[in-house]
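Whatever order the structure lists ligands and atoms in, that order sets their numbers, starting from 1.
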Amino acid sequence: MIIYSAGQLKEELIDTGKKLVDLRLVVATWGNISCRVPKTGHFIVTPSGMPYHELKPADLVTMGRDGDIVEGTRKPSSEVLMHQEIYKARPDIHAIVHTHSNFACSFAVAGSPIPPILEEMAQLIGGPVQVARYAPPGTRELAEHAVEALDQRNAALLANHGVVAAGRTLHEALTVAVLVEKCAQVFLGAKMLGTPHILSPQETHLLRENFLKYYGQKR
Ligand SMILES: [Zn+2]
């Protein structure tokens, strides 16, 4: 595994933010992104309400494990508590991308989970995308509900709000966010055509295990 410096991670985080807007996963300044800083227990998070295409490394905020600001002068994202609680609950997660993408929001509003319907979803997300119980934005309740809905998977929907996508890297978390939106769209389309075939828990488990063990290049 390559270890990136905090400076490199800040550049990648800003680049990820620009992609969120360019891929239309968020509009304006909505959504937020974070990543862990290796070996420190800290994480870097986007500031509250600043346009992604104007962000500079100095605008990012480095947070301590318990919510203290370690570095930065900006106010951190209003959802910083959700990022903090997910990192506490999931040592395997190193980056989080929160979006408000359209098709996924339809499921979040309907309170409908997205079942495992595509192999790539089983591989990267590890199962269904569940809907976290509603709580107002920025609250501890929302953070706790998000952790509960994620369980051991890499994505969840926030009721009447949006998507939480996670991964081992910023690139993987962004890919998960894109994939959740694709799966929401595909599931709606499949429902219009008939009865969608859902991958079984056994098929989903096998796809996830094989992905983690064998996919990609060894480093
Ligand atoms: Zn949001």
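Rounded to the nearest 0.5 angstrom, Thr99 OG1 and Arg24 CZ are separated by 15.0 Å.
Qualifying side chain to side chain donor-acceptor pair (under 3.5 Å) partners for Glu148, counting only residues two or more places apart in sequence or in other chains: Arg133. With sequence neighbours excluded, no residue forms a salt bridge (Lys or Arg N to Asp or Glu O under 4.0 Å) with Arg36.
Taking the six-membered ring for Trp and thresholds of 30 and 60 degrees, His83 and Tyr87 have ring planes inclined between 30 and 60 degrees apart.
The side-chain hydrogen bond (donor to acceptor under 3.5 Å, both in side chains) contacts involving residues 182-199 comprise Glu120-Lys182, where partners must be two or more places apart or lie in separate chains.
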Does the side chain to side chain donor-acceptor pair (under 3.5 Å) test come out yes or no for Glu172 and Thr169, once each step is laid out?
CA-CA 5 Å; Glu172 189 169 83; Thr169 61; 5.5 Å; no

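For the Zn ion (ligand 1), the neighbouring protein N/O/S atoms at less than 2.8 Å, given as residue and atom, are His98 NE2, His100 NE2, His161 NE2.
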